[in-house]
Participant: 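Input: one structure, supplied below.
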There are 2 protein chains.
Amino acid sequence: MALEHAILVSLLEQPGSGYELARRFDRSIGRFWTATHQQIYRVLRRMEADGWVSVEEVAQDGRPDKKVYSAAGPGRTALSAWLREPVEPETVRHELAVKIRAAAFDDPAALISEVERHREGHATLLARYLHGEQRDFPDPAALDARRELQHVVLRGGIEYERMTLAWLDDVLATLHRLADRTDSGATPPSTPGSP
Amino acid sequence: MALEHAILVSLLEQPGSGYELARRFDRSIGRFWTATHQQIYRVLRRMEADGWVSVEEVAQDGRPDKKVYSAAGPGRTALSAWLREPVEPETVRHELAVKIRAAAFDDPAALISEVERHREGHATLLARYLHGEQRDFPDPAALDARRELQHVVLRGGIEYERMTLAWLDDVLATLHRLADRTDSGATPPSTPGSP
DNA sequence: GTATACATGTAAACGGTTACATGATTCT
DNA sequence: AGAATCATGTAACCGTTTACATGTATAC
């Protein structure tokens with residue numbers, strides 16, 4: 001489990017409340033680790049019990065009080081130990097790939113709009129990454145360690161999106177080619193509703 | 001949830017027992033959807049109860065009996081309906097990216113061997129994909145719909161591995177650059193064991 | 001004789017998702 | 001007046017992972 005560690009990194013970069021962390025997980029960190037506020041609150045309480053983070057209750061006027069968390073010594077030690085542990089390769093869940101192979105037993109043309117929708121989403125994300133790169137890393141020569149490492153992770157996101165876009169174009173071309181053959185050899189589409 | 005659908009696709013491509021399915025999920029299908037044998041057995045029972053698959057008990061000599069599952073009509077209908085539903089983007093879990101950002105608060109050099117290990121794993125996988133491509137798709141002009149779609153999914157895997165390798169080289173170069181600066185500006189590494 | 005492959009399962013623990021709840025403030 | 005933002009939480013459910021269990025046959 002790495003949610004604890006992702007939270008620690010985020011708190012080291014900037015202390016904050018559970019709510020603020022949840023928003024960061026919607027934005028920057030969420031690019032490579034997702035979490036809902038319920039998860040975050042639960043894990044924060046456990047981390048506090050383990051001494052990984054310290055809390056300070058902050059009263060606000062006009063707004064509810066908040067608990068501001070900071071990474072504590074034992075948390076840093078735990079992060080350091082985790083960094084030195086080997087991580088197994090990620091378990092992949094690529095639903096679209098399952099669908100593409102499933103299309104062989106149905107009508108390949110039925111997938112085209114879905115793939116186009118995905119393509120659009122990835123194009124938007126790539127544009128956002130590139131915009132963020134220009135904003136946050138305008139002068140790549142003069143960066144400290146933290147920003148260098150943030151930048152290399154962002155470059156990974158950018159290259160992933162570029163690659164995915166190119167692949168989705170390949171998928172679309174393949175689906176169109178199969179749809180144009182109104183043919184024989186293929187498995188006939190099933191007729192849903194009348195099985 | 002798409003485990004049911006991944007199983008259906010696999011059974012449409014070739015009927016088989018739970019055990020055989022588990023092995024396929026370790027090999028080809030596991031590239032984009034992982035599952036253990038416990039999950040598969042449980043889901044197969046549910047799918048059988050729902051009429052998505054039919055079972056035939058096959059006695060074998062020298063080996064335990066097995067239950068051979070095949071996709072049934074209602075399963076095909078369900079697959080067809082699922083294909084037409086929109087899928088939300090995958091939730092990403094990229095532990096290595098968390099570690100890279102974490103390295104800013106520790107010693108970046110401590111990550112180098114881990115990243116190299118990942119690099120090796122991806123290089124091996126890419127080699128296996130390329131070998132599989134040459135073996136299974138030697139003549140890309142003469143493919144039916146099923147194999148065309150299998151091929152485009154495999155091409156996605158190949159491009160993903162290529163991109164990942166290039167990115168990991170970028171990460172390694174960055175880590176080496178940071179390790180060479182035995183510097184100031186960076187956050188000093190914590191000393192695990194003596195917090 | 002030990003390990004691996006074949007073949008199927010139960011049980012417990014854990015992590016993640018979804019729904020619900022509360023309550024003040026600010027924006028449209 | 002209604003929606004969105006800030007802020008924290010409970011409860012139920014579902015899916016996944018890990019450990020344990022059983023038994024035969026073949027390979028080293």
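Numbered from 1 within each chain, the chains take letters A, B, ... in sequence-line order.
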Participant: Distance check needed: D:dG23 P versus B:D61 CG, whole Å only.
Facilitator: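 Rounding to the nearest Å, CG of B:D61 and P of D:dG23 are 21 Å apart.
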
Participant: With a 3.5 Å cut-off and no angle check, do the side chains of B:S80 and B:R84 form a donor-acceptor pair?
Facilitator: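 Yes, because at least one side-chain N or O of B:S80 sits under 3.5 Å from a partner of the opposite role on B:R84.
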
Participant: Would you kindly give the CZ-to-C1' distance between B:R93 and D:dT17, to the nearest whole Å?
Facilitator: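 Atom CZ in B:R93 sits about 14 Å away from atom C1' in D:dT17.
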
Participant: In Å, rounded to the nearest 0.5 Å, how long is the span from OH of A:Y69 to CH2 of A:W52?
Facilitator: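 Going from the OH atom of A:Y69 to the CH2 atom of A:W52 covers 15.0 Å.
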
Participant: Kindly state each residue pair satisfying salt bridge (charged side-chain N to carboxylate O under 4.0 Å, His left out) with at least one member in residues 148-164 of chain A, sequence neighbours excluded.
Facilitator: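 Residue pairs with at least one partner in residues 148-164 of chain A: A:E148-B:R177, A:E148-B:R181, A:R155-B:D170, A:E159-A:R162.
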
Participant: Can you name the residues that form a salt bridge (charged side-chain N to carboxylate O under 4.0 Å, His left out) with A:R23, not counting sequence neighbours?
Facilitator: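 If we apply the salt bridge (charged side-chain N to carboxylate O under 4.0 Å, His left out) test to A:R23, skipping adjacent residues, there are no hits.
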
Participant: Linking I/L/V/M/F/W/Y whenever their side-chain heavy atoms sit closer than 4.5 Å, directly or via other members, would B:V115 and A:V9 fall into one cluster?
Facilitator: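 In one cluster: yes.
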
Participant: Using whole Å, what does the distance between atom C1' of nucleotide C:dT10 and atom CD of B:Q39 come to?
Facilitator: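 The answer, rounded to whole Å, is 15 Å.
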
Participant: Which whole-number value in Å describes the distance from B:I40 CD1 to C:dA7 P?
Facilitator: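 Roughly 14 Å, once rounded to whole Å.
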
Participant: Roughly how many Å is it from CZ in B:R24 to C1' in C:dC6, rounded to a whole number?
Facilitator: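 It is 15 Å, rounded to the nearest whole Å.
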
Participant: Please report the distance, rounded to the nearest Å, between CD in B:E57 and P in C:dA7.
Facilitator: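 That distance rounds to 13 Å.
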
Participant: From B:Y160 OH over to A:H94 NE2, what is the distance, rounded to the nearest 0.5 angstrom?
Facilitator: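 Nearest 0.5 Å value for the OH-NE2 distance: 9.0 Å.
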
Participant: Roughly how many Å is it from CD in B:E4 to P in D:dT16, rounded to a whole number?
Facilitator: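 It is 9 Å, rounded to the nearest whole Å.
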
Participant: Shorter than 3.5 Å, N or O on both sides, protein versus nucleotides 7-9 of chain D: list them out with atom names.
Facilitator:
unit_1: D:dA7; atom_1: OP1; unit_2: A:Q60; atom_2: OE1; d: 3.0
unit_1: D:dA7; atom_1: OP1; unit_2: A:Q60; atom_2: NE2; d: 2.5
unit_1: D:dT8; atom_1: OP1; unit_2: A:K67; atom_2: N; d: 2.9
unit_1: D:dT8; atom_1: OP2; unit_2: A:Y19; atom_2: N; d: 2.9
unit_1: D:dT8; atom_1: OP2; unit_2: A:Y41; atom_2: OH; d: 3.1
unit_1: D:dT8; atom_1: O5'; unit_2: A:Y41; atom_2: OH; d: 3.4
unit_1: D:dG9; atom_1: OP1; unit_2: A:K67; atom_2: NZ; d: 2.6
unit_1: D:dG9; atom_1: O6; unit_2: A:H37; atom_2: NE2; d: 3.3

Participant: Hey, does the side chain of B:W167 reach the backbone of A:V152 with a donor-acceptor pair shorter than 3.5 angstrom?
Facilitator: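 Checked: pair present.
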
Participant: Under the ring pair (Phe, Tyr, Trp, His ring centres under 6.0 Å) definition, can you give me all pairs with a residue in residues 125-145 of chain A, not counting sequence neighbours?
Facilitator: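 Non-adjacent pairs meeting ring pair (Phe, Tyr, Trp, His ring centres under 6.0 Å): A:F137-A:H151.
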
Participant: How far does the helix from C:dG1-D:dC28 to C:dT28-D:dA1 bend, going by the axes of its first and last five pairs, to the nearest 10°?
Facilitator: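 That helix has its two terminal axes inclined by roughly 40°.
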
Participant: Starting at atom CG of A:L3, determine the distance to atom P of C:dT17, rounded to an integer number of angstrom.
Facilitator: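 So the two atoms are 10 Å apart, to the nearest Å.
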
Participant: Can you list the residues that meet the side chain to side chain donor-acceptor pair (under 3.5 Å) rule with A:K66, with sequence neighbours excluded?
Facilitator: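 A:K66 satisfies side chain to side chain donor-acceptor pair (under 3.5 Å) with A:E20 once adjacent residues are dropped.
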
Participant: Taking only the side-chain nitrogens and oxygens of A:R42, find out if one of them lies under 4.0 Å from OP1 or OP2 of C:dG16.
Facilitator: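 Checking C:dG16 against A:R42, no side-chain N or O comes under 4.0 Å of OP1 or OP2.
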
